[in-house]
Number of protein chains: 4
Amino acid sequence: MRNKFKKKNTIILSALKLFSKKGFYNTTISEISKNMGVSVGNIYNYFPSKNSLAKASITFVAKKLATNLRYINNQNISSQEKVYMFVISYLNFLKEHPEMIDYFFRVYLSNREVFCKEEDCGFQLAKDFIDEIEILIDTGTENGEFKKQNFYVGFSCITGILGGITFLNGEKVLEDDLNIYARDLSTAICKALS
Amino acid sequence: MRNKFKKKNTIILSALKLFSKKGFYNTTISEISKNMGVSVGNIYNYFPSKNSLAKASITFVAKKLATNLRYINNQNISSQEKVYMFVISYLNFLKEHPEMIDYFFRVYLSNREVFCKEEDCGFQLAKDFIDEIEILIDTGTENGEFKKQNFYVGFSCITGILGGITFLNGEKVLEDDLNIYARDLSTAICKALS
Amino acid sequence: MRNKFKKKNTIILSALKLFSKKGFYNTTISEISKNMGVSVGNIYNYFPSKNSLAKASITFVAKKLATNLRYINNQNISSQEKVYMFVISYLNFLKEHPEMIDYFFRVYLSNREVFCKEEDCGFQLAKDFIDEIEILIDTGTENGEFKKQNFYVGFSCITGILGGITFLNGEKVLEDDLNIYARDLSTAICKALS
Amino acid sequence: MRNKFKKKNTIILSALKLFSKKGFYNTTISEISKNMGVSVGNIYNYFPSKNSLAKASITFVAKKLATNLRYINNQNISSQEKVYMFVISYLNFLKEHPEMIDYFFRVYLSNREVFCKEEDCGFQLAKDFIDEIEILIDTGTENGEFKKQNFYVGFSCITGILGGITFLNGEKVLEDDLNIYARDLSTAICKALS
DNA sequence: CATGAATGAGTGTTCATTCAT
DNA sequence: GATGAATGAACACTCATTCAT
């Protein structure tokens, strides 16, 4: 039912905020429940374990990122412009929902043991997003803006460079507003891909 | 005295292996001690807490990476060649000491709460390495190989792209030997910087 | 709610028994929990730390003693009779709940470091009881049975003499039933106060 | 040999200071050793265990108190004057060596489990002192100053009342210098005994 | 569905004691 | 005798998970 779905999302949002702020292991289920005014036990009516909640959170964020990127991919513009739009969209997302991006980079990328215990292993959780990245690269390659290249290298260029600035942002060493870096970052990505 | 120093390093090495394999929170002091054939209590004669051991481990790896890069920075070659040598050196390091690089990327980049409780906060722990990255970029800028650019963007290009491939390597999705990617990666980095 | 209050008392009672028998530091939370058929963790749902449990235990005993003494203070009898009644009441209490009195004298009087870490420091925990002692002395002074005297000296006479016999009782050197000493002790106290 | 004896005393003095300040269980052998500039292991050349050091400390203090009291007992003065002299001597001792008296009252009286594990149980450790107390009472009884009374009650009067003021002193609630209370205390003791 | 008290295995850390040097 | 690194059992406290209400 619709309600169940909404409640799951509310829980994910609450978890996301805390996971990203304090890390996965320093966030307790009890805190998540208190933060959203719900009982501990009730959370277990929606997610069978803390790990499963973490996984659902990843998928949630990945889907958001994928949706954004899919929208851009569908535009009728050059690939370079798509990259730029994606960078802008990503940085805005980072500013508006730092907890989601932080979670994506901090918790997911590095608490492998949390996400890889069973079948639907780490990489798969973000599949939607990764697929859109692939589309972005392939389209650019097909129309000649990007060179033909190994997907993994291309993937590293896009997500790595954005990941780098995300890390620096999290470390609070950036002096300027994030948007300032948008042009430089997208240029760097495009050059790396071409 | 010399001995105390050596013992600390032995402990760090043991910790590094386990932290990187299982994550910081899933590694117990007892495991680290068993892994190196020493008693639990004795570890506390060298490190006052698990956190401090984690910090020392970061510094240890950062120093190794910095030493490698410093050696390259001091060569009398073009900056592009330096980047290539650094990528090669990094990938080899990753192959030979996956636990160190893994630790660097997984534990450090993401368990901020572990490293940021006091003054010598996160970013500072890797200072040596970061300084060498800055030298690499600045030298290239001075000799005209790289464009004049914001340091944070340049930093993201180098460490981000390498971080990306490291992540993929950790996820075990790469089909080929790491060295295969060396040329493409260094090319991408140089383009991104220029 | 009523239940929470009752449970706290049950825990205190269990703790009291063990603390007094084995001392604060030789009693583990695990023992307390086993002794009352409850899990370790559950105790922490009621008391945030072992120290806080010790403090609550002190207050619990002090309140009991205070209640006994308040009842006597409210009687319409001479102060000498009050002292006698108090001694009787105290010795009976000591016989029936040796763990409580033992705790009061052994753990409280001497594990200062446990009780004095914060604001509600040692002396304050037994405030209720001490207040009643003051009333006992003041009343006797007002009606001329006791001389006008420094409170601290008077306090030492009452609690010190009873403390002495308590100590000897704990050392198991007393040959007779405690009640045998009641008359002599109350006489000594009254003389000391007059 | 003489040296061994002296060293043992030095250790006892160091232990006494720390035991009384922080309690028996919060004082580590390592602290005692550091406090006196000696290695941990070396302490074990003089005392086979922490407990035995605590016991030796008790005997040390008891002997000091006994010596003081014995000197007074041997004077050719009334028993009331003896009590007064003893109170004065005790309060001075308390002011000059608070750690010793504190230890006697706090650690000995209440960490029974430390002192009663084997044959030379608690009470016996202070035998010298207790014997002198008995002599003080008996002499007073013989010369008619004190009434004939149960030893345990008499003992409680003397040590209890002094114990009371010691406790209050330790709690830092006394507003005046200890000596102020000497006359009142000795009067109270004498009255209680007569 | 919702609650939150109860469980108990698990972890970081301490510290008396030993012993090779 | 003196040293202090090494040992390892022990303990306070945490927290994911369960389940009776």
Side-chain angles (χ1 to χ4, degrees), chain A residues 1 3-4 7 24-34 37-54 114, chain B residues 1 3-4 7-8 11 24-34 36-54, chain C residues 1 3-4 7-8 11 24-34 36-54, chain D residues 1 3-4 7 24-34 37-54 114:
Chain A
M1 66 198 66
N3 260 349
K4 182 139 187 168
K7 185 107 177 200
F24 177 77
Y25 289 103
N26 284 310
T27 302
T28 68
I29 293 289
S30 161
E31 282 172 315
I32 296 173
S33 77
K34 232 167 259 158
V38 141
S39 76
V40 175
N42 202 17
I43 288 187
Y44 281 85
N45 284 331
Y46 297 89
F47 297 96
S49 71
K50 192 184 176 188
N51 271 4
S52 75
L53 175 53
V114 175
Chain B
M1 72 198 55
N3 260 349
K4 187 132 189 170
K7 185 106 181 200
K8 282 185 95 164
I11 297 173
F24 176 76
Y25 289 104
N26 284 308
T27 303
T28 68
I29 292 288
S30 163
E31 281 171 317
I32 295 174
S33 77
K34 231 167 262 161
M36 63 179 291
V38 139
S39 73
V40 174
N42 201 19
I43 287 186
Y44 282 86
N45 284 334
Y46 296 89
F47 297 96
S49 70
K50 193 185 175 188
N51 270 4
S52 76
L53 175 53
Chain C
M1 70 200 56
N3 260 348
K4 187 132 188 170
K7 185 103 179 202
K8 281 185 96 164
I11 297 174
F24 176 77
Y25 289 104
N26 284 309
T27 302
T28 67
I29 292 289
S30 162
E31 282 171 316
I32 295 173
S33 76
K34 231 167 261 160
M36 61 178 293
V38 140
S39 73
V40 174
N42 201 19
I43 288 187
Y44 283 87
N45 283 334
Y46 297 90
F47 297 97
S49 71
K50 192 184 175 188
N51 270 4
S52 75
L53 175 52
Chain D
M1 67 197 61
N3 260 350
K4 181 139 189 169
K7 185 107 177 199
F24 177 77
Y25 289 104
N26 285 309
T27 302
T28 69
I29 293 288
S30 161
E31 281 172 316
I32 295 173
S33 77
K34 231 167 261 159
V38 140
S39 74
V40 175
N42 202 15
I43 287 186
Y44 281 85
N45 284 333
Y46 297 89
F47 297 96
S49 72
K50 192 185 176 188
N51 271 4
S52 75
L53 176 53
V114 174

5'-most by nearest nucleotide on DNA chain E - C/V38 or A/S39: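 Its nearest nucleotide lies further toward 5', so the answer is A/S39.
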Counterpart residues, side chain to side chain contact (heavy atoms under 4.5 Å, CB included), relative to C/S52 (two or more places apart):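 Per chain and number, C/S52 pairs via side chain to side chain contact (heavy atoms under 4.5 Å, CB included) with C/F47, C/P48, C/S49.
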With sequence neighbours left out, what residues match C/N45 under side chain to side chain contact (heavy atoms under 4.5 Å, CB included)?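 Only C/N42 meet the side chain to side chain contact (heavy atoms under 4.5 Å, CB included) criterion with C/N45.
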Categorize B/Y46 for me: base, sugar-phosphate, or nothing, with a 4.0 angstrom heavy-atom threshold over every strand shown.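 Sugar-phosphate contact only - B/Y46 comes under 4.0 Å of backbone atoms but never of a base.
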Taking B/K4 for the side chain and B/Y46 for the main chain, is one N or O donor matched with an acceptor at less than 3.5 Å?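 Between the backbone of B/Y46 and the side chain of B/K4 there is no qualifying donor-acceptor contact (under 3.5 Å).
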Exam field: side chain A/K34 to backbone A/I29, donor-acceptor pair closer than 3.5 Å: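 Side chain of A/K34 to backbone of A/I29, a donor-acceptor pair under 3.5 Å: no, none is there.
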Give a yes/no on whether any side-chain N or O of C/K7 is located under 4.0 angstrom from OP1 or OP2 of E/dA6.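 Yes, C/K7 has a side-chain N/O under 4.0 Å of OP1/OP2 on E/dA6.
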Which parts of nucleotides 11-21 of chain E does protein reach within less than 4.0 Å, heavy atoms only, written one letter per nucleotide 5' to 3' as B for base, S for sugar-phosphate only and - for none? SSBBBSBB---
Is it the case that A/K50 places NZ or CZ above or below the six-membered ring of A/Y44, under 6.0 angstrom from the centre and within 45 degrees of the axis?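 Relative to the ring axis of A/Y44, which defines the angle, A/K50 lies outside at least one limit.
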Just how far, in rounded Å, is P of E/dG4 from CG of C/N3?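 In whole Å, E/dG4 P and C/N3 CG are 14 Å from each other.
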List DNA chain F stems (3 or more consecutive Watson-Crick/G-U pairs, under 3.5 Å)?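 Stems (3+ consecutive pairs) listed as E:2-21 with F:2-21.
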Can you list the residues that meet the side chain to side chain donor-acceptor pair (under 3.5 Å) rule with A/T28, with sequence neighbours excluded?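 So A/T28 forms a side chain to side chain donor-acceptor pair (under 3.5 Å) with A/E31.
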